Amino acid sequence: MIDLKYIEKNFDEAATKLAKKGVDSALLDDLKELFAKLKEAKAEFENVRAEQKSLSKEFGAYKAQGKDVAELKAKLDDLKEQANKLSNIADKLEKELEQKALNIPNFPDDVVPEGKSEDDNVEIKKVLTPKEFSFTPKEHWDLADKNGWIDFERGVKLAKSRFAILRNDAAKIERALINFFLDFNTKNGFNEVCPPVLSNSKMLQGTGQLPKFEDDLFKIDGEDLYLIPTAEVPLTNMFNDEILAESELPLLMTAYTPCFRKEAGSAGRDTRGIIRQHQFDKVEMVAITIPEQSEEVFEKMVQNASDILTALGLPHRLVELCGGDLGFSAARTIDLEVWLPGQNKYREISSVSNTRDFQARRAKIRYKDGKKNKLANTLNGSALAVGRTLIAIMENYQNEDGSIDIPEVLKPYMESRV
RNA sequence: AGAGAGGUGUCCGAGUGGUUUAAGGAGCACGCCUGGAACGCGUGUGUAGGGCAACCUACCGAGGGUUCGAAUCCCUUCCUCUCUGCCA
């Protein structure tokens, strides 16, 4: 959640920042007005309540002394009615304000470039040069057919469209990648976690998926539970409503989980192949830091994801997302895009974000700084999306006859094949 | 799923209608003690909001109710523990 006090005191600055993300300043006006109204309503209520409390004490004393309380009671009855009325007004305003505030996205960092869509993202650097093929490289779905690696029809039969079954070596590579990623991250200081893949609504609100993006989530019928869209949700919320000791920060975590997304609004996009599925595997990194540290940890996470791609011999590039392409909770995001020779373009394979204190404020993740409690910073990033890595390996390691080589670093993880 | 017990501050824990204005302890911070530390002693210390000082308000799992007054009584609901059932 954004900092309402900050908006109150630095309205123009806040409006400028959010304009970068495409937020209409009228929304902020609304928010500011509500905030002021709420303050006033609360003050009014508190005054009445204070009187009510102090007279109630007198009432007790009167009774003890055997004095007549009729007059006092009439006064108190009146105050009670007033207090109820005022508290209802304040409650209503508070709920309205909260609902509106929960739907305002995070402020972008100053380094975030202006822009409306992904076309305005800024390339930071390229890593590894795509290799020249002596033949026209195929797309991954053709290679999948040729090798019997992906069973699209039966995936649809089991569930519905955008579900697929990995078979033969594809299933083995998927598993090998998960293990390779987890080992790689662990060696770089990330602690391995194996969380639930269902999450309740409070946690999803903590990381920003709810209330705004309910349509993207699979919900369990009759329960306050959703399938997680990313391990960011359970890992970050492990510390929901907790106060951490400064000495235990930064907390660096990594987890493999399947992820579930309805992909509402992407009808027709990436319908071939397994680029965009309702269920996909991902190994995620999450960090909880003090504010002064989050920049450094952010760089580390980007570097870590890039190093994995390099270790796999996959050409990729780093892209700084522009304001318009930035996610709801992110203050800053760097995407890693892997080279797909079959598609002849770079495609997103990892997204590393610093949410600053946006999620921490929603999820009440704090740390004790000497005496005071302060909001922590939370960061997340993929290292990496497993299915898309499989695609990248297929397309980059393909031979003219359609066979596919296995990257060296993966071979120790695939002894049953080699 | 059934029966019983319970949810109080960073943690443990007392508290069955009015000096609870949440006891006490641990932890933490500061000071004394020390060559330095531990121990010991003293002081401070729940969270959030408003004035930003005194002070005021909300919060005892959540929501509702009773009452002049609720951590305390009633209802609903969630969670935890123990036993039973089921299960990888």
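Note that the structure is predicted; figures quoted are calculated from it, not measured. These numbers come from the heavy atoms of this one structure, side chains and all, not from hydrogens, waters or symmetry mates.
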List the residues meeting side chain to side chain contact (heavy atoms under 4.5 Å, CB included) with A:Leu198, not counting sequence neighbours, and say none if there are none. A:Ile220, A:Leu225, A:Leu227
What integer number of Å spans the C1' atoms of B:G9 and B:G46? 4 Å
Side chain to side chain contact (heavy atoms under 4.5 Å, CB included) filter on A:Glu13, not counting sequence neighbours, yields A:Tyr6, A:Asn10, A:Lys17
So, do A:Phe328 and A:Phe358 have ring centers that fall under 6.0 Å from each other? yes
Could you give the start and end, 5' to 3', of the contact zone on RNA chain B for chain A, using atoms under 4.0 Å from its heavy atoms? B:U10 to B:G69
Euclidean distance for P, B:A22 against B:U45 (whole angstrom): 12 Å
Going by the rule side chain to side chain contact (heavy atoms under 4.5 Å, CB included), which residues pair with A:Lys262 if we only count those two or more places apart in sequence or in a different chain? A:Phe218
Sequence neighbours excluded - side chain to side chain donor-acceptor pair (under 3.5 Å) pairs with any residue from residues 176-192 of chain A: A:Asp183-A:Tyr413, A:Asn185-A:Thr254, A:Asn185-A:Asn304, A:Asn188-A:Asn304
Give me the distance, rounded to whole Å, that separates B:C12 from B:A58 when you measure between the P atoms they each carry. 26 Å
Across all strands, who's sitting opposite B:C81 as a Watson-Crick or G-U wobble pair, both distances under 3.5 Å? B:G4
For atom C1', what is the distance between B:A1 and B:C74, given to the nearest Å? 27 Å
All pairs passing salt bridge (charged side-chain N to carboxylate O under 4.0 Å, His left out) where residues 94-106 of chain A contributes a residue, at least two apart: A:Asp30-A:Lys100, A:Lys42-A:Glu94, A:Glu96-A:Lys100
